[in-house]
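Counting from 1, the numbers follow the sequence of the chain as shown.
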Amino acid sequence: MLSRHALLPPRLLGVRRLIHSSRSHLTLRSFLESSDATDQHNAYHYADNYSQSEPPVLASIREAAVARDPTEAQKMISPLQGAFMRHLVSMQRPKSILELGSYIGYSTIWLAHGLQTIPGSTLCTCESDQTIAHVAEENVKLAGLTDTVRVVNAPADLLLTEWDPSHKLDLVFIDANKAAYKRYYSTILNRDLLSDNGQIIVDNVLFHGQVQTQAITSNANYADDNVRAARKAQSIARKMHSFNEFVAKDPRTTQVLLPIFDGLLLIQKAK
């Protein structure tokens, strides 16, 4: 019997990559160095097949977003990353989660599913765009999570500045404006918003495989028909490298950067 996700033939791999670019960053370096692109994509789907299934409500939200705008839909995490994030939440058992950058609420709902066995737990997520924040609210309602999740239509900077420091955060997921990552991180630590055993998880820290290039040269050129998009991507990659370097040199925290999905940085307070 075929598993729920059949392997894509090579001719369709580019289409799937376009719909969700983070899926091209799949696993650890040793595997990436010893396999070709087809093997990597097949390994991704194998892992997807044998991981927790995407709940129907999340599948419908994701499919609707892709149908509406495939390019914008790339802002969503993949189903496999969602299952991974849910697993992290269920293991850590945080009482308070803050998500910076909800988009349409797809990652929000994955995180909230990890809180289902934790009495009194809450998740606050923010989205600066009013229309998109409304969509996120509707999706949270659709998932039946309004008792756990609060969607705030506000910029991440404002939310962090106004957050009550006495209400410590056990987990912060950063996936908002990439250029502001360093500012978000600094505000969290400077205002002492993170609990002693809390964790910050930062997404897209390898930014489509371009960030490591910035560690070698600041004059990298990327082949792209759309010069404006290429320059924007290069600028973001430089900012992400600067952020990664800033965190690595900060004695207040310890961190591990995982080359999975689009790069995940896990940060905790130094003990």
Would Ile109 and Leu142 count as a side chain to side chain contact (heavy atoms under 4.5 Å, CB included) if you check the C-alpha gap in whole Å, the side-chain angles of each, and the deciding distance to 0.1 Å? CA-CA 10 Å; Ile109 295 168; Leu142 185 65; over 6 Å; no
Please walk me through it: do Tyr103 and Glu72 pass side chain to side chain contact (heavy atoms under 4.5 Å, CB included)? CA-CA 10 Å; Tyr103 183 45; Glu72 282 294 298; 3.5 Å; yes
So which atom in [X] and which in [Y] form the shortest heavy-atom distance, rounded to 0.1 Å?
| X | Y | value |
| --- | --- | --- |
| Asn177 | Tyr184 | CB-OH, 3.4 Å |
| Asn197 | Gln268 | O-NE2, 4.0 Å |
| Ala237 | Phe207 | N-CD2, 4.2 Å |
| Ala154 | Cys126 | O-CB, 3.6 Å |
| Gln255 | Ala248 | NE2-CA, 3.6 Å |
| Ser51 | Leu80 | OG-CD1, 3.3 Å |

Around atom [atom1] of [X], are there more than 12 heavy atoms of other residues, nucleotides or ligands at under 6.0 Å?
| X | atom1 | answer |
| --- | --- | --- |
| Asp129 | CG | yes |
| Asp69 | CG | yes |
| His134 | NE2 | no |

Main-chain N/O of [Y] paired with [X] side-chain donor or acceptor, under 3.5 Å:
| X | Y | result |
| --- | --- | --- |
| Thr187 | Arg183 | yes |
| Arg191 | Trp163 | yes |
| Asp170 | Gly198 | no |
| Lys95 | Pro119 | yes |
| Arg93 | Thr117 | yes |
| Ser90 | His87 | yes |

Ion pair check, Lys168 and Asp192, cut-off under 4.0 Å: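 Yes, Lys168 and Asp192 are salt-bridged.
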Residues Asp175 and Lys178 bridged, charged N to O under 4.0 Å: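 Result for this pair is yes, salt bridge flagged.
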What distance separates [X] [atom1] from [Y] [atom2], expressed to the nearest 0.5 Å?
| X | Y | atom1 | atom2 | answer |
| --- | --- | --- | --- | --- |
| Glu127 | Ile104 | CD | CD1 | 10.0 Å |
| Leu115 | Gln92 | CG | CD | 10.0 Å |
| Thr125 | Leu159 | OG1 | CG | 9.0 Å |
| Arg252 | Ile267 | CZ | CD1 | 10.5 Å |
| Phe84 | Ile77 | CZ | CD1 | 10.5 Å |
| Leu100 | Ile188 | CG | CD1 | 6.0 Å |

Side-chain heavy atoms of [X] within contact of [Y], under 4.5 Å:
| X | Y | result |
| --- | --- | --- |
| Asn244 | Val202 | no |
| Pro259 | Leu206 | yes |
| His167 | Ser96 | yes |
| Lys239 | Tyr181 | no |

Any idea how His113 and Trp110 line up, ring-wise: parallel (<30°), tilted (30 to 60°), or perpendicular (>60°)?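 Rings of His113 and Trp110: perpendicular, as their planes differ by over 60°.
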In one Ile/Leu/Val/Met/Phe/Trp/Tyr side-chain cluster, 4.5 Å: Leu169, Leu158: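 Result: no, two separate clusters.
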With Lys141, the side-chain contact (heavy atoms from CB on, under 4.5 Å) member among Thr146, Val149, Val151: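 Among Thr146, Val149, Val151, the one meeting side-chain contact (heavy atoms from CB on, under 4.5 Å) with Lys141 is Thr146.
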Residue from Val89, Leu111, Leu265, Leu171 passing side-chain contact (heavy atoms from CB on, under 4.5 Å) with Ile201: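 Checked Val89, Leu111, Leu265, Leu171 against Ile201; only one passes side-chain contact (heavy atoms from CB on, under 4.5 Å): Leu171.
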Working for side chain to side chain contact (heavy atoms under 4.5 Å, CB included), residues Ile200 and Val247: CA-CA 11 Å; Ile200 302 172; Val247 174; over 6 Å; no
What I want to check is whether the side chains of Lys182 and Tyr185 have a donor and an acceptor closer together than 3.5 Å.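 Looking only at side-chain atoms, Tyr185 and Lys182 do not form any donor-acceptor pair under 3.5 Å.
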